[in-house]
Amino acid sequence: MNTVRWGMIGCGSVTERKSGPAFYKAPGSALVAVMGRRLEAVQDYAARHGIARVYTDVESLIADPQVDAVYIATPPDSHRAYSLMVAAAGKHCCVEKPMSLNAGQSLEMQQAFEKAGVQLFVSYYRRSLPRFQQVRQWLLEGRIGEVRHLTWSLTKPPSEADQNGSANWRTDPQIAGGGYFADLASHGFDLFQYLLGDIVEVAGFTARQAGLYAAEDAVSASWRFASGALGMGCWNFVADRREDRIEVIGSKGRIIFSVFDEQPVQLQAEETLSLQIDNHPHIQWHHVLGMNAHIRGEAQHPALAVEALKTDWVMDRILGRG
């Protein structure tokens with residue numbers, strides 16, 4: 001399979017620049033079909049992105065014989081049903097993050113693909129970004145000695161839409177599995193486990209401090225990695241200002257970076273470095289390259305469902321999800 005031919009379910013905002021173009025611009029990749037519920041919207045998307053075929057029902061896209069793999073770019077409440085259909089069709093799949101509404105659903109998805117003998121990837125694409133590969137290299141080289149602690153502070157003020165009560169699936173627990181914490185912190189917990197190993201214990205507290213929507217708007221948590229390193233985090237989405245800061249404390253130095261902002265990655269140890277490593281304009285570019293190489297049997301891609309399950313377990317413990 002020299003070129004992996006993808007079909008895409010959903011054509012919302014995340015697919016306009018972050019993901020969609022990577023699937024048809026990356027070497028060895030093609031986006032041959034797209035599905036959306038509204039015909040006019042999906043036709044418009046296809047015309048602007050040069051996609052040959054459009055569908056308004058999921059079943060037809062999955063059954064398309066020209067589609068080798070399916071990218072599910074919809075909110076989390078539909079991930080389980082759509083992915084199980086893809087597994088039943090014997091095709092590879094990439095599902096947006098979070099993987100599903102809870103770890104129970106995600107385990108069912110992972111097992112279905114394992115039984116079918118095809119791959120299930122999750123869009124935890126930060127594992128593949130060059131900026132985090134640099135952090136991983138510093139850690140593997142022991143540049144800060146033994147890791148002792150990780151802290152993450154992620155805050156932002158409420159948006160105008162939050163304040164006026166506009167419809168937003170990201171703050172509807174029935175659709176998203178939580179609020180902004182479920183949507184954003186999942187990226188961080190997946191990245192931390194890629195960099196520092198599995199989290200084996202975790203506890204947290206949640207609150208609706210401003211009460212602007214049904215989901216939690218404030219979370220604090222602490223956890224322990226299998227290595228013995230500890231972690232703690234503060235996430236507040238009704239705060240005074242935006243902040244995104246990670247500090248990894250070691251026995252011989254520290255590494256400072258952010259999960260979402262393109263701030264320099266900093267090494268503070270025997271050598272002090274501050275590197276500006278920008279993301280690709282289509283941020284899922286490296287993720288798409290990795291999935292295609294994995295499907296072709298050329299390399300192992302780290303953003304697999306079996307890894308994403310670990311993050312779902314952490315999120316369940318913090319949010320009290322069943």
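Below, all heavy atoms of this structure are taken into account, side chains as well, without hydrogens, waters or symmetry copies. We count residues from 1, following the sequence as given.
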Would you mind telling me which of Phe121, Tyr82, Phe23 makes a ring pair (Phe, Tyr, Trp, His ring centres under 6.0 Å) with Tyr71?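 Option passing the ring pair (Phe, Tyr, Trp, His ring centres under 6.0 Å) with Tyr71: Phe23.
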Any side-chain heavy-atom pair of [X] and [Y] under 4.5 Å:
| X | Y | answer |
| --- | --- | --- |
| Ile246 | Ile256 | no |
| Gln119 | Leu304 | yes |
| Met85 | Val58 | yes |
| Thr56 | Arg37 | no |
| Tyr213 | Asp162 | yes |

Carboxylate-amine/guanidinium contact [X] [Y], below 4.0 Å:
| X | Y | result |
| --- | --- | --- |
| Glu307 | Arg127 | yes |
| Arg245 | Asp261 | no |
| Glu141 | Arg143 | yes |
| Arg296 | Glu298 | yes |
| Lys310 | Asp198 | yes |
| Lys156 | Asp217 | no |
| Asp64 | Arg53 | yes |
| Glu270 | Lys252 | no |

Taking atom [atom1] of [X] as the centre, report whether more than 12 heavy atoms of other residues, nucleotides or ligands fall under 6.0 Å from it.
| X | atom1 | result |
| --- | --- | --- |
| Phe205 | CZ | no |
| Glu160 | CD | no |
| Lys18 | NZ | no |
| Glu146 | CD | no |
| Asn164 | CG | yes |

Hey, what do you get for [atom1] ([X]) to [atom2] ([Y]), rounding to the nearest 0.5 Å?
| X | Y | atom1 | atom2 | result |
| --- | --- | --- | --- | --- |
| Cys234 | Glu243 | SG | CD | 8.0 Å |
| Ser106 | Asp316 | OG | CG | 8.0 Å |
| Met99 | Leu120 | CE | CG | 5.0 Å |
| Thr15 | His282 | OG1 | NE2 | 12.0 Å |
| Ile72 | Ser123 | CD1 | OG | 10.0 Å |
| Leu309 | Met109 | CG | CE | 9.0 Å |

Report the residue from His187, Gln284, His286 that forms a side-chain hydrogen bond (donor to acceptor under 3.5 Å, both in side chains) with Arg126.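 Between Arg126 and the candidates, side-chain hydrogen bond (donor to acceptor under 3.5 Å, both in side chains) is satisfied uniquely by His187.
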Identify the residue among Asp183, Asp190, Thr311 that makes a side-chain hydrogen bond (donor to acceptor under 3.5 Å, both in side chains) with Lys97.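 It is Asp183; the other options fail the test.
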Can you check salt bridge (charged side-chain N to carboxylate O under 4.0 Å, His left out) on Arg131 and Asp278, steps first, answer last? CA-CA 7 Å; Arg131 59 188 291 107; Asp278 295 332; 6.0 Å; no
Angle between ring planes, Phe189 versus Phe192, binned at 30° and 60°: parallel, tilted or perpendicular?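 Aromatic pair Phe189/Phe192 classed perpendicular.
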Gln66 vs Arg5, side chain to side chain donor-acceptor pair (under 3.5 Å): CA-CA, chis, key distance, verdict: CA-CA 7 Å; Gln66 300 301 311; Arg5 300 170 299 179; 2.7 Å; yes
Find out whether the Lys NZ or Arg CZ of Arg136 is both under 6.0 angstrom from the six-membered ring centre of Tyr194 and within 45° of the ring's axis.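 Yes, a cation-pi geometry.
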Can Trp152 be reached from Ile249 by stepping across I, L, V, M, F, W or Y side chains whose heavy atoms are under 4.5 Å apart?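 No: no chain of side-chain contacts under 4.5 Å links Ile249 to Trp152.
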Taking Tyr124 as the starting point, is it possible to reach Leu184 by hopping between hydrophobic residues whose side chains are less than 4.5 Å apart?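 No.
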Could you tell me which residues satisfy salt bridge (charged side-chain N to carboxylate O under 4.0 Å, His left out) with Arg48, sequence neighbours excluded, listed by chain and number?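 Applying salt bridge (charged side-chain N to carboxylate O under 4.0 Å, His left out) to Arg48 gives Glu16, Asp44.
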According to salt bridge (charged side-chain N to carboxylate O under 4.0 Å, His left out), who are the partners of Arg317, at least two apart in sequence or on a separate chain?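 Arg317 satisfies salt bridge (charged side-chain N to carboxylate O under 4.0 Å, His left out) with no other residue.
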Partner set under side-chain hydrogen bond (donor to acceptor under 3.5 Å, both in side chains) for His287, not counting sequence neighbours: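 Partners of His287 under the side-chain hydrogen bond (donor to acceptor under 3.5 Å, both in side chains) test: His301.
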